[in-house]
Asks: 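Here's a structure for you.
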Amino acid sequence: MSDYFGKDVPKLGFGLMRLPKKLLGTDIEQVKKMVDLFMEAGFTYFDTAFVYTGSEAAIKKALVDRYPRESYTLATKINAFMMAPNEKAAKKQFYTSLERTGAGYFDYYLLHALMENNYTKYDKFHLWDYVKELKEKGLVKHIGFSYHAGPELLDRLLTEHPEVDFIQLQINYADWENPSVYSRANYEVARKHGVSITVMEPVKGGALANPPAAVEKLFKAYHPDMSCASWAIRFVASLDGIITVLSGMSTLEQMKDNLSYMKDFKSLNEEEQKIIQEAQRILGHSSTIPCTACHYCVEGCPKGIRIPDIFAAMNKQLGNGQKEEALAAYREAAGEGRRASDCIKCRQCERACPQHLPITDYLEQAAEMLEK
């Protein structure tokens, strides 16, 4: 395996999981403006997935139909446990993605969201061999997988599959030592195998754009004019072996902010690294819920509970003591029949959660905190 084959890829990638919405779906005109700003700044990496609702179709309209194919790189993913009841359905995802995007081929193609409770399905459906065949046919250029489990399984998978060109890991400064995310441990396993890394959740689903007040104060004291999100993304981009850092941008403002410091990227200096370490120490004692708002938990919830939105409301109080703001956010998130107390404890959400969160326990806590 070649280490860091993607050296020519700019360090910021456009994650297409959280595109701007309007009443009837994705706001394509705003996505076009975001794509244009991104491309004009010299960035080229776009990341989507078969299961990101509307995302592949949106990137066709905003990017593929408007720019020469050789001017950008496009990544998408095949998923063996969502909308894939059998091997045939799973393999068909590739051609559906190809049709949706109109891209002709994919620069990066990933087995999606491998974790302890689903990785055997990728073997059962022969998807490792399938993506190798797609690469041999020239339909994909680089193959890899995104990952949400611990270092032992990761080490085994990389040992068993030396054909892997790269891996997508969840890495951010808040989860560097998190025993349920394993950012540092997984990063070190990938480096041991010489596998290049694309990074997801560098801002932890947006949570690190608005960290606890003590962390924000720390950052603003050193860089008054730089966003808290910039610290999170620059932390990851400063690591060795990183192909690109994906930011799931939803607004023009987020795009402009990211471009402002990544267009002329500078690694964290020694003093900034010490500030990050202090932020990690502060967050180690934080009681906020480490939800990344991926929404995998929402898909199969029989009650339609907007779990990530409820957790975001809780974190306003848990992280910054904003009780009134938390109550207002909860009222907006929890409609009739969709309150935290309406949870029937089927635990479908916990089986789907890449962060392995005790979601039903947190919902009980939300009911106690926000429904009285």
Side-chain angles (χ1 to χ4, degrees), residues 6-22 25-49 52-77 97 100-110 141-142 146 166 168 171-172 196-206 208-209 226-238 242-267 293:
K7 286 181 181 176
D8 57 335
V9 179
K11 280 292 187 76
L12 179 66
F14 191 167
L16 305 171
M17 180 192 244
R18 302 178 177 95
L19 292 176
K21 303 293 183 184
K22 60 181 183 181
T26 305
D27 187 341
I28 297 295
E29 292 308 310
Q30 184 165 335
V31 177
K32 286 180 181 179
K33 292 176 183 177
M34 294 170 73
V35 166
D36 291 344
L37 284 174
F38 192 72
M39 294 287 283
E40 287 166 11
F43 296 98
T44 60
Y45 194 107
F46 296 83
D47 173 271
T48 182
Y52 296 171
T53 304
S55 177
E56 291 181 326
I59 208 59
K60 180 182 190 300
K61 294 177 182 177
L63 174 72
V64 177
D65 290 347
R66 301 171 64 239
Y67 286 89
R69 182 62 184 89
E70 67 277 7
S71 67
Y72 59 86
T73 52
L74 184 60
T76 195
K77 310 175 186 79
S97 294
R100 285 174 178 171
T101 62
Y105 64 90
F106 296 113
D107 301 275
Y108 300 82
Y109 198 58
L110 301 89
K141 290 188 176 181
H142 306 293
S146 61
F166 73 107
Q168 190 157 301
I171 303 176
N172 58 68
S196 302
I197 302 164
T198 56
V199 176
M200 57 184 161
E201 304 294 359
V203 193
K204 203 173 171 66
L208 300 183
M226 290 190 71
S227 67
C228 292
S230 72
W231 285 85
I233 291 178
R234 288 180 62 229
F235 167 78
V236 180
S238 298
I242 303 300
I243 299 171
T244 200
V245 181
L246 301 173
S247 178
M249 294 170 274
S250 304
T251 66
L252 282 167
E253 290 70 27
Q254 291 171 355
M255 174 66 75
K256 290 174 182 177
D257 179 53
N258 282 343
L259 296 179
S260 71
Y261 56 86
M262 290 301 287
K263 189 174 181 180
D264 183 26
F265 170 69
K266 292 181 176 62
S267 295

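Residue numbers start at 1 and run along the sequence shown. Since the model is a prediction, treat every value here as computed from it, not as a measurement.
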Asks: Mind checking salt bridge (charged side-chain N to carboxylate O under 4.0 Å, His left out) for Lys60 and listing every partner two or more places apart, or none if nothing turns up?
Replies: Asp65
Asks: My understanding is that only residues two or more places apart in sequence, or in another chain, count here; which of them pass side-chain hydrogen bond (donor to acceptor under 3.5 Å, both in side chains) with Tyr105?
Replies: none
Asks: Taking all non-hydrogen atoms of both residues, which atom of Leu110 and which atom of Ala75 are closest, and how far apart?
Replies: CD1-CB, 4.2 Å
Asks: Could you tell me which residues satisfy side-chain contact (heavy atoms from CB on, under 4.5 Å) with Thr26, sequence neighbours excluded, listed by chain and number?
Replies: Leu19, Lys21, Ile28, Val31, Ala58
Asks: Looking at residues at least two apart in the chain, or sitting in another chain, which of them share a ring-ring contact (aromatic ring centres under 6.0 Å, His included) with Phe14?
Replies: Phe38, Phe46
Asks: Between Glu56 and Thr48, does any side-chain donor sit less than 3.5 Å from a side-chain acceptor?
Replies: no
Asks: Hey, are Thr198 and Gln168 close enough side-chain-wise for a donor-acceptor pair under 3.5 Å?
Replies: yes
Asks: Do other residues, nucleotides or ligands put more than 12 heavy atoms under 6.0 Å from the NZ atom of Lys32?
Replies: yes
Asks: Relative to each other, are the rings of Tyr108 and Phe166 parallel, tilted or perpendicular (30° and 60° limits)?
Replies: perpendicular
Asks: Determine the minimum heavy-atom distance between Ala293 and Gly205, stating which atoms define it.
Replies: CB-O, 4.3 Å
Asks: Please report the closest heavy-atom contact between Ser250 and Pro20, naming both atoms and the distance.
Replies: O-CB, 3.1 Å
Asks: How long is the gap from CG on Leu12 to CE on Met249, to the nearest 0.5 Å?
Replies: 5.0 Å
Asks: Going by the rule side-chain hydrogen bond (donor to acceptor under 3.5 Å, both in side chains), which residues pair with Ser146 if we only count those two or more places apart in sequence or in a different chain?
Replies: none
Asks: For residues 245-258, pull every pair meeting salt bridge (charged side-chain N to carboxylate O under 4.0 Å, His left out), keeping only residues two or more places apart or in separate chains.
Replies: none
